[in-house]
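Values below: every heavy atom of this structure, side chains too, minus hydrogens, waters and symmetry copies.
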Amino acid sequence: MINGKKIVVVLPAYNAELTLKRTYDEIPMDIVDDVVLVDDCSRDNTSEIGRQLGIKHVIRHEQNKGYGGNQKTCYDKALELNADIVIMLHPDYQYTPKLIPSMAHLIASGLYPVVFGSRILGKGALKGGMPMYKYIFNRFLTFSQNILINQKLSEYHTGYRAFSKEVLLGIDYHANSDDFVFDNQMISQIFYAGFEIAEVTCPTKYFDEASSINFRRSMKYGMGVLGTSFVHFFNRIGLTRSKIYRR
């Protein structure tokens, strides 16, 4: 705990057997109260390794529910465990768990209700091996999103996020897609509900075992991101009312 706030780390996993232990071993258990691993019907031994590591809350989907569907299970379980702060960390070891204390402190101190680990602040993305086309894609989408959503984030596409309980209870994340665009729909909901997002510089690692989506899926994701941003814009100016903003 920090300042009496219960901290739960959630790990949305798919075929993470090669990286799960490295990720888990760096989680600062001196402040983290619980860890939840959700295995989205992996084809490897992710769940078994999680149990061997001593993770108390291992949930396995018997059918693949997608990246967004995995996160929905993660947040539901964290709230069931009465978490005050929920930190979503990919178990592919692309993001360092060593930032968990800093992210949690920003929320526990009441400074911000949401904190993202940004690969774009500083030079962490390219230095860590992000492919150039993904970096350019990231920069274009983020620029477009900031204009349409009227915000100023350095990155909308990080997989390292911390939320207060109030944020998760204040938005309807179940109304979002089960696919990769879930992340950006959630950001849109957070801003639409009036919450602020802080960012901290996060180093990242790209290597063979780290999860990634191919070019075709990246294009589909990009179109979904732009679609979400336009929906946010039209709702903001009062032309439409999307179901994802209802609560």
- Message: Can you confirm whether Y160 sits close enough to H90 that some side-chain heavy atom of one is under 4.5 Å from a side-chain heavy atom of the other?
- Response: no
- Is T73 close to H61 at the side-chain level, that is, under 4.5 Å between some pair of heavy atoms? yes
- Apply the test side-chain contact (heavy atoms from CB on, under 4.5 Å) to residues Y14 and N64: give CA-CA distance (whole Å), side-chain angles for both, the deciding distance (0.1 Å), then the verdict. CA-CA 9 Å; Y14 181 66; N64 185 277; 3.6 Å; yes
- Mind checking the CD1-OG spacing from I120 to S118? Nearest 0.5 Å is all I need. 6.0 Å
- Taking it one step at a time, do H157 and F137 satisfy ring-ring contact (aromatic ring centres under 6.0 Å, His included)? CA-CA 10 Å; H157 314 289; F137 202 44; 8.0 Å; no
- Beyond-backbone contact of V38 with P12, side-chain heavy atoms, under 4.5 angstrom: no
- Message: Is there a continuous path of hydrophobic side-chain contacts, each under 4.5 Å between heavy atoms, that joins L89 to V114?
- Response: no
- Message: Could you check whether any side-chain N or O of D39 sits under 3.5 Å from a backbone N or O of S42, counting only pairs where one atom can act as donor and the other as acceptor?
- Response: yes
- Item | Considering all heavy atoms, the nearest Y95-C202 contact | CD2-SG, 3.7 Å
- Message: Has N70 got a side-chain atom pairing as donor or acceptor with A13's backbone, closer than 3.5 angstrom?
- Response: yes
- Side-chain donor-acceptor pair under 3.5 Å between N150 and H232, yes or no? no
- Can you tell me how far CD1 of I149 sits from CD1 of I187, rounded to the nearest 0.5 angstrom? 7.5 Å
- For the side chain of D44 and the backbone of T46, is there at least one donor-acceptor N/O pair under 3.5 Å apart? yes
- Task: Report yes if some heavy atom in the side chain of P97 is under 4.5 Å from a heavy atom in the side chain of Y24; otherwise report no.
- Result: no
- Query: Once you round to the nearest 0.5 Å, how far does CD1 of I59 lie from CD1 of I55?
  - Reply: 11.5 Å
- Message: A side-chain contact here means heavy atoms from C-beta on lying under 4.5 Å apart; do S154 and E199 qualify?
- Response: yes
- Query: Using 4.0 Å as the upper bound for N to carboxylate O, is an ion pair formed by D84 and K165?
  - Reply: yes
- Pick one: which of F233, Y245, F234 meets ring pair (Phe, Tyr, Trp, His ring centres under 6.0 Å) with Y192? Y245
- Query: Any donor-acceptor pair under 3.5 Å linking the side chain of T23 with the backbone of P91?
  - Reply: yes
- I100, V8: one ILVMFWY side-chain cluster at the under-4.5 Å cut-off? no
- Task: Check V10, L81, V9, I107 against V86 for a side-chain contact (heavy atoms from CB on, under 4.5 Å) and give me the one that passes.
- Result: V10
- Query: Taking atom CE of M1 as the centre, does the number of heavy atoms from other residues, nucleotides or ligands within less than 6.0 Å exceed 12?
  - Reply: yes
- Task: Treat each ILVMFWY residue as a node, draw an edge where side-chain heavy atoms are under 4.5 Å apart, and state whether L168 and L106 are in one component.
- Result: no
- Salt-bridge present (D34, K56; N to O < 4.0 Å): yes
- Message: Would the distance check show the side chain of D40 and the main-chain N or O of K65 forming a donor-acceptor pair, the cut-off being under 3.5 Å?
- Response: yes
- Taking all non-hydrogen atoms of both residues into account, name the closest pair between G117 and T158 and its distance. O-OG1, 2.5 Å
- Query: Is Q71 close to Y173 at the side-chain level, that is, under 4.5 Å between some pair of heavy atoms?
  - Reply: no
- Closest heavy-atom pair and its distance - L20, I49: CD2-CG2, 4.0 Å
- Task: Indicate, with yes or no, if M186 and F116 share a hydrophobic cluster defined by side-chain heavy-atom contacts under 4.5 Å among Ile, Leu, Val, Met, Phe, Trp and Tyr.
- Result: yes
- Message: Can you confirm whether F195 sits close enough to Y112 that some side-chain heavy atom of one is under 4.5 Å from a side-chain heavy atom of the other?
- Response: no
- S102 side, atom OG; L99 side, atom CG - distance, nearest 0.5 Å: 5.5 Å
- Message: Please check if the number of heavy atoms outside K6 that lie under 6.0 Å from its NZ is greater than 12.
- Response: yes
- Could you state whether F230 and I237 fall into the same hydrophobic cluster, counting links through intermediate Ile, Leu, Val, Met, Phe, Trp or Tyr residues with side-chain heavy atoms under 4.5 angstrom apart? yes
- If you take all heavy atoms of N3 and A108, which pair is closest and at what distance? ND2-O, 3.4 Å
- Item | From K98 atom NZ to I27 atom CD1, the distance as rounded to the nearest 0.5 Å | 13.0 Å
- Query: Pick one: which of D183, N146, L141, I197 meets side-chain contact (heavy atoms from CB on, under 4.5 Å) with Y156?
  - Reply: N146
- For I87 and A162, the nearest pair of non-hydrogen atoms, with its separation, is CG1-CB, 3.7 Å
- Taking Q94 for its side chain and T204 for its backbone only, find out whether a donor-acceptor pair lies under 3.5 Å. no
- Task: Go through the steps for L148 and Q145 under the test side-chain contact (heavy atoms from CB on, under 4.5 Å), then give the verdict.
- Result: CA-CA 5 Å; L148 291 168; Q145 290 173 273; 5.9 Å; no
- Query: Would you say H105 and L111 make side-chain contact, with heavy atoms under 4.5 Å?
  - Reply: no
- Between L226 and S144, does a side-chain contact (heavy atoms from CB on, under 4.5 Å) hold up when you go through it step by step? CA-CA 8 Å; L226 291 176; S144 303; 3.9 Å; yes
- Note on the structure: From the list N176, D172, T228, N184, side chain to side chain donor-acceptor pair (under 3.5 Å) partner of Q189 resolves to N176
- So, Q63 side chain and C41 main chain: donor-acceptor pair closer than 3.5 Å or not? no
- Reported OG1-to-CZ distance for the pair T96 and R22, which is rounded to 0.5 angstrom: 12.5 Å
- Message: Between D179 and K220, does any NZ, NE, NH1 or NH2 come within less than 4.0 Å of an OD or OE carboxylate oxygen?
- Response: yes
- Task: Go through F191 and E196 one step at a time and tell me if the side-chain contact (heavy atoms from CB on, under 4.5 Å) criterion holds.
- Result: CA-CA 7 Å; F191 280 137; E196 290 187 287; 5.9 Å; no
- Query: Do side-chain atoms of N235 reach the backbone of V231 as a donor and acceptor pair under 3.5 angstrom?
  - Reply: yes
- Item | Those residues that, when tested against E80, pass salt bridge (charged side-chain N to carboxylate O under 4.0 Å, His left out) (two or more places apart) | K77
